[in-house]
Every structure is written in C-alpha cells, then in structure tokens.
Amino acid sequence: MAANEVDVFANEEKRNLELRGHVGFDSLPDQLVSKSVAQGFCFNILCVGETGIGKSTLMNTLFNTTFENEEASHYEKEVQLRPQMYSLQESNVNLKLTVVHTVGFGDQINKEESYKPILEYIDAQFEKYLEEEMKIKRSLANCHDTRIHICLYFIAPNGHSLKSLDLVTMKKLDSKVNIIPVIAKADTVSRSELDKLKIKVMSELVSNGVQIYQFPTEDEAVAEINSSMNTHLPFAVVGSVDDVKVGNKMVKARLYPWGSVQVENENHCDFVKLREMLLRVNMEDLREQTHARHYELYRRCKLEEMGFKDSDPDSQSFSLQETYEAKRKEFLVDLQRKEEEMRQMFVNKVKETEAELKEKEKELHGRFEQLKRMHQDEKKNLEEKRRELEEEMNAFNRRKVAAETLMGQALQGCSQPFKKDKDKKNFFSLPSACSLTSGRNLN
Amino acid sequence: MVAGESGMGKSTLVNSLFLTDLYKDRKLLNAEERINQTVEIIKHTVDIEEKGVKLKLTIVDTPGFGDAVNNNECWKPITDYIDQQFEQYFRDESGLNRKNIQDNRVHCCLYFIPPFGHGLRPVDVEFMKALHEKVNIIPLIAKADCLTPNEIKKLKDRIRDEIEKFGIKVYQFPECDSDEDEEFKQLDKELKECTPFAVIGSNTVVEARGQRVRGRLYPWGIVEVENQSHCDFVKLRNMLIRSHMHDLKDVTCDVHYENYRAQCIQEMTSKLAQDNRMESPIPILPLSTPDVETEKLIKMKDEELKRMQEMLNKMQQQMHDKEQ
C-alpha cells in the first residue's frame with residue numbers, strides 16, 4: 001500500500017509555488033561558497049612546448065611567484081613529464097596548484113613518439129580518478145583531483161605557421177584535455193606579422209579539425225567578454241619576472257636596447273587577456289569541462305572496453321554491481337583455466353624429460369656391454385697368440401736339441417772308424433772341435 | 001648555402017645581405033603538408049655588380065630541413081649535394097679542357113640556430129657534425145630580437161661551449177699577421193669573440209631617429225638591422241662579403257676540396273689494388289666511369305685465369321697418379 005502511494009507521487013509533475021514570506025534558502029549559494037572555500041580548490045595545468053620556449057617564465061609571471069624549475073637540457077632521449085605541486089593562498093582562498101612541464105619535447109630528431117608520454121600521463125590521471133570513483137569505500141571529497149584541467153600549448157613564433165609536430169600533438173590531445181594555444185616569445189613578431197600568424201594558425205587548426213577550448217558564451221555575465229576573447233586566440237604572450245622602471249613605475253618587462261616590452265601592457269602582448277581568461281573568469285568552467293566532457297568520455301570508453309553496458313538487449317538496465325560481479329566471476333574462471341593449462345603443460349614436460357633420460361640410460365648401458373665384450377674378445381685373442389708363440393718356442397727348442405744330437409752322433413760315428421787308424425794320426429789332426437764336441441756330448 | 005628550420009628568417013637575411021629580393025612568389029607549405037616533408041635543394045643564381053666588380057652569387061636553399069616530425073638523416077640530401085659539386089669539380093679538373101671550369105662548390109654554409117632554446121639541439125649537433133668536414137660552417141643565432149643583451153651573451157657562450165664539447169669544426173677566422181696594425185687586430189679579436197653572430201633581418205624600411213633605416217617596427221621600439229648595438233648583422237655582412245669572402249673560398253679549395261679529393265683517390269686505388277694483385281705500371285687516371293668497366297673486365301679475366309690454373313693442376317695430378 002505504501003509503495004503504491006509513493007509511486008503516485010513520483011509520477012506527478014512538479015508545480016511552482018508562490019512563497020508568502022522570506023524563507024531564507026536564498027543563502028544556499030553563500031553556504032556553498034563558504035564550504036568550497038573551506039575545502040580549498042585545486043587546479044592542474046599542463047604546459048606543453050619546446051625546451052626553452054618560456055613555459056616556466058610564463059607560469060612565474062601568471063602566478064606572480066617563482067616556481068623552482070631548473071633549466072632543462074636539450075638532450076633528453078624521450079619526452080618526460082615533471083609534475084610539481086604547490087599550495088597558494090590569496091585572501092582566504094586556498095589553491096592547490098599542480099604544474100606539469102614537458103621536458104625534452106621537440107628536441108629529439110625523431111619526434112613521432114613525442115606525444116605518447118603526454119597522452120599516457122593524462123590518461124593515468126583519469127584512470128586514478130575512475131578507480132577512486134569505483135571503489136566500494138570511496139572518499140571523493142577528500143581525494144586530490146589530479147586531472148589536468150587545462151593544457152597550454154606553446155607555439156614557437158617562427159613567423160609562418162604551425163609546426164608539423166604542433167599539429168600532430170594537438171590533434172592527439174584535443175579530445176582528452178582543454179587546449180589553449182599560446183604564441184610564446186611574442187616579442188619577436190611585429191604587429192602585422194602577428195595578425196597574419198594568428199589567422200594562419202587558427203585556420204590550420206580548424207581545417208585539421210583540432211578542437212581547442214572555446215570560452216563559454218552561455219552565461220550572460222561573461223558571454224560578452226568571452227566571445228571577444230575567442231577572436232583573439234591564440235594569445236601572444238611574453239613572460240618576465242624582472243622589474244623594470246618605465247616612466248616612474250616598476251613594471252614587469254623585458255629590457256632591450258631598442259625599448260622595453262611591458263608584460264602587462266595590452267598593446268605589447270596578450271598576457272593580460274590570458275590571465276583574465278585563465279584565472280579570473282573561466283577557471284571554474286575549465287574544471288567543469290574537464291569533469292563533464294573529457295572525463296566522461298574517458299570513462300565511457302574505458303567501461304565499454306571492460307564490457308559494461310548501460311542496457312541489455314532486452315532493455316533491462318543492469319546495475320553496475322551485478323555487471324561487476326559477473327565480470328569478476330568470468331575473470332576468475334578464466335584464471336583457473338589458465339592455471340590448469342599451465343599445470344598440464346608442466347606435467348607433460350616433466351614426463352618427456354623423464355622418457356628422454358631413460359632412453360639415454362639404456363643407450364649407455366648397451367654401449368658398456370659392447371665395450372666389455374670387445375675387451376674379452378681381445379683378451380682371448382691375446383691368449384691364443386701367446387699359446388701359439390709358446391708352442392713355436394717349444395718346437396724350436398726341440399728342433400735345436402734334435403739337431404745337436406744328430407750332430408753329436410754324426411761326429412761320434414765319424415770319429416769311431418778312425419779311432420784305430422788314426423788314433424795316433426788324428427790325435428793331433430782332429431782338433432779340438434771334435435774333442436770339444438765329444439767332450440760336450442759326454443757332458 | 002643557408003640551412004635551418006622554416007621560419008628562422010633565412011630568406012629575409014639573404015635579402016638583407018645582398019639587398020635584393022630573391023624570393024618573390026614563394027609558396028610556403030602548411031603544417032600538415034610538412035609532417036612528412038623531405039628536404040629539397042633549391043638554387044638561386046644572381047649576377048650582381050658593384051663599381052665594376054662582378055659577382056656571381058649562388059644561394060642554395062634547403063626548404064624542409066628539420067620540419068618533418070621524423071627528422072632522421074634529414075641532412076643527407078644536403079651532404080649529397082655538396083659531394084656532387086665536389087665530384088663535378090674533380091672531374092672537370094682532371095678533364096682535358098680546363099679553361100672554363102665553373103666553380104659550383106659550396107663556399108660557405110650559414111646555419112640558423114633558433115633562439116628559443118637553451119643552446120644547441122640534437123638536430124643542430126648532428127647536422128653540423130655531418131657537414132663540418134665538407135664545408136665552412138658559420139653558425140648564426142636567428143631572430144635575435146627576442147633576446148635581451150644578457151641572454152644573447154649567455155646563449156653565445158653556451159653555444160661556443162657546446163660546439164667545443166661536441167668537436168664541431170666551424171669556420172675559424174684566420175689569424176692576423178703580426179705586422180697588421182693594432183686597429184685591425186682589435187677588430188679581428190672582437191669579431192672572433194662575437195661568434196656565433198646574433199642576427200636580425202629585415203627588408204622593410206622604417207623611420208627611426210629621423211632617418212630611414214632598415215628595421216623592424218614594434219609597439220615598444222624599433223629594431224635597427226644595421227645598428228651594431230642591436231644585432232651583429234653588420235659584422236656578419238662585413239665578414240662575409242667585405243673581408244673574408246676570399247678566405248672562405250680559399251679554405252674551401254685548400255682544405256675541404258683537397259680532403260674530398262684525397263678520400264676519393266684513396267678509395268679508388270684501394271679498390272683497384274684488391275682486384276689486380278700485381279701493380280699497374282701506369283698511374284691510374286681518375287676517370288670514374290670508364291674505369292669501372294675496365295675493372296670489371298680485369299676481374300673477369302682474373303677469374304678465368306684462376307679457373308684454368310686449377311684445371312691444369314688437376315690434370316697434372318691425374319697424370320702423376322696414373323704414372324704411378
């Protein structure tokens with residue numbers, strides 16, 4: 001019953017009512033202001049430009065202070081981003097300012113990859129915010145918002161037009177961040193050249209579809225000034241923190257032998273316009289655009305990538321939680337499957353190696369046997385040979401004995417018949433050879 | 001020759017130096033067309049005459065240098081061009097009719113360094129290192145009207161240090177003879193300390209201090225091109241045209257061209273020596289195209305000889321074996 005009543009009320013149209021007296025909720029804006037002031041604001045600027053073009057000097061001039069920044073060298077291998085955080089205070093407004101400089105931009109010989117580190121940095125800040133937003137226990141109010149609110153792109157005043165690197169980089173960045181192009185070191189272009197250059201730059205940006213930040217013209221209070229400023233883009237700026245005496249005042253200027261360029265003189269450069277637009281009029285709009293347009297775009301792309309949808313084909317809207325859980329389960333299942341696969345692979349590998357090892361063992365064994373057999377064969381051969389040799393030796397000895405006995409007999413035979421006759425004769429004629437042999441034989 | 005990125009003021013400076021307008025009807029490319037631009041070489045030749053002295057001036061322009069996103073080896077067309085001129089002169093010199101040789105060799109290269117940085121950039125260093133043995137390099141700081149005198153001094157010191165550090169041999173002014181007078185020596189010393197020159201160019205004439213001078217008009221003042229305290233344009237002009245023009249030509253002839261020639265001859269003789277193992281009794285004349293063909297013939301004949309020798313050896317062996 002109660003549920004039905006609530007439904008009925010929800011479907012009614014909202015009606016305007018007249019107030020009969022002062023209620024007091026017109027102090028809501030003031031409450032908002034005091035709350036915001038208490039919280040503090042944060043603002044993040046990204047400065048992109050070649051080394052030495054005057055980014056740090058311009059920052060110093062804009063905020064009327066000196067940010068510590070060492071001079072960058074020209075010989076960096078890759079573009080790097082150097083964020084620095086500062087805490088500024090004016091009246092009772094606290095500002096957490098983050099200034100990010102690109103170091104080494106435009107110095108490399110091959111500049112095709114120069115825009116990548118910048119893109120990655122911007123995406124990383126968005127990612128951080130997205131993570132914080134999607135946490136179960138989150139503290140959006142207290143977290144430090146590091147998303148880049150504005151990118152100041154410094155164009156070198158080479159008198160003709162944009163450089164190719166500038167065009168390529170701005171095209172990559174225009175969907176991620178608010179870009180305001182500025183012409184740096186504008187004290188090197190004369191008035192007529194400056195007008196030509198501005199027109200050329202804007203026409204090139206438009207013809208290539210680069211979306212730079214347009215100052216908003218919806219709000220009446222600022223519409224007029226913003227639309228006139230829009231025609232002055234890109235701003236030609238000169239930065240200086242040196243005080244020079246001009247007339248009888250000390251102003252910020254650059255002193256040349258032929259004159260001095262005053263930074264805050266509208267005839268000399270557009271610095272004042274930039275400061276107005278950036279800090280005094282549109283800062284809040286920049287932050288809002290970053291959140292509402294660029295961040296939302298990033299979030300949408302990222303979530304679509306992850307597989308989230310806003311509505312089912314059956315037109316039932318998913319709640320984020322359910323989708324999230326479903327995704328998680330999917331991932332876990334995937335993970336388990338992969339683990340199993342890996343384990344299987346590992347087991348297979350082990351088996352294979354084992355089999356290999358066994359085979360090798362068998363081989364070795366076989367060879368060992370073979371060698372043993374060979375060894376034995378050779379031994380046998382040797383034995384046989386030895387026997388043969390011995391037999392031969394024996395045979396030889398026997399023959400020797402036989403030969404000697406024969407000789408002995410022969411000598412005896414021949415000596416006997418001659419013994420009667422020649423005993424006396426041959427006593428001396430048969431020399432010692434006979435007697436020696438007979439002697440030997442008898443012995 | 002003038003070299004440097006687009007928009008550095010090369011054409012304006014050339015026009016200011018020679019008080020002519022060489023660059024009428026020039027078409028400048030848009031940024032997107034320049035993303036993949038290659039370097040071209042464009043020659044402008046003018047004959048100028050002053051008080052009976054005629055000068056044939058050739059300006060070699062290098063549009064597209066350093067403009068593309070990927071500038072790897074963007075100096076190669078330039079070095080090829082310089083080598084080509086040397087080669088042509090080489091051939092002409094060793095030809096039969098040497099009366100009317102046209103000297104198209106590059107006598108001097110003005111390199112424009114952008115003033116926006118803190119010193120030399122990698123592309124500057126690579127370019128100068130590729131060219132310093134081939135041509136006299138004179139580095140200039142372009143668009144010097146964006147630097148205060150202090151900054152100019154710092155930048156010049158920085159660039160001089162970096163040139164030394166990287167071993168780049170830029171054109172050195174010749175030493176004065178000891179019998180020149182003091183004033184000359186003083187001027188010469190000042191000149192040397194001023195390098196690299198910080199220049200500003202302009203073709204427009206403006207009113208300044210009651211005079212009509214060439215300069216640039218700014219809301220905050222007028223930069224006079226010919227004012228020595230504003231920039232070094234006058235020094236550059238004096239050096240280039242009035243005092244050192246002949247020295248530049250001499251150095252090109254005596255040093256760079258001779259280096260090229262020696263290198264060329266060495267390459268050729270070493271190649272031929274590899275092919276002919278015996279020494280050729282006739283000194284080899286440096287004629288490039290006919291030589292290549294005879295070399296080829298010689299090589300072929302050599303190989304044939306070798307093959308025949310091997311066959312002979314084999315046959316001898318076989319006979320030997322058979323005999324045995």
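Chain letters run A, B, ... following the sequence lines, proteins first and then strands; every chain starts at 1.
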When rounded to the nearest 0.5 angstrom, what distance separates [atom1] in [X] from [atom2] in [Y]?
X	Y	atom1	atom2	value
B:Leu120	B:Glu162	CG	CD	4.5 Å
A:Ile118	A:Asp123	CD1	CG	12.0 Å
B:Ser229	A:Trp258	OG	CH2	9.0 Å
A:Thr65	A:Leu97	OG1	CG	10.0 Å

- In terms of heavy-atom proximity below 4.5 Å to chain B, should A:Ser190 be classed as side chain, backbone, both, or neither? both
- Item | Side chain, backbone, both or neither of A:Ala184 within contact of chain B (heavy atoms, under 4.5 Å) | neither
- Item | Proximity of residues 126-138 of chain B to chain A, residues having a non-hydrogen atom under 4.5 angstrom | B:Glu126
- Query: Should B:Lys153 and B:Asp157 count as an ion pair when the cut-off is N to O under 4.0 Å?
  - Reply: yes
- Carboxylate-amine/guanidinium proximity below 4.0 Å for B:Asp232 and B:Lys156: yes
- Task: Sort B:Pro114 into side chain, backbone, both or neither according to what part of it lies under 4.5 angstrom from a heavy atom of chain A.
- Result: neither
- Task: Below 4.5 Å from any heavy atom of chain A, which atoms of B:Arg121 appear? Answer side chain, backbone, both or neither.
- Result: both
- In terms of heavy-atom pairs under 4.5 Å with chain B, the winner among A:Thr51, A:Val261, A:Asp107 is A:Val261
- One option among A:Lys185, A:Gln108, A:Glu50 has the most heavy-atom pairs under 4.5 Å with chain B, and it is A:Lys185
- Task: Could you check whether the rings of A:Phe215 and A:Phe235 sit parallel, tilted or perpendicular, using 30° and 60° as the cut-offs?
- Result: parallel
- May I have all residue pairs that pass salt bridge (charged side-chain N to carboxylate O under 4.0 Å, His left out) and include part of residues 251-262 of chain A, sequence neighbours excluded? A:Asp187-A:Arg254, A:Lys252-A:Glu264, A:Arg254-B:Glu151
- Consider only side-chain N and O atoms of A:Asp270 and A:His232, and report whether a donor and an acceptor are under 3.5 Å apart. no
- With chain A, the option among B:Val123, B:Asn227, B:Asp145, B:Ile200 that has the most non-hydrogen atom pairs under 4.5 Å is B:Asp145
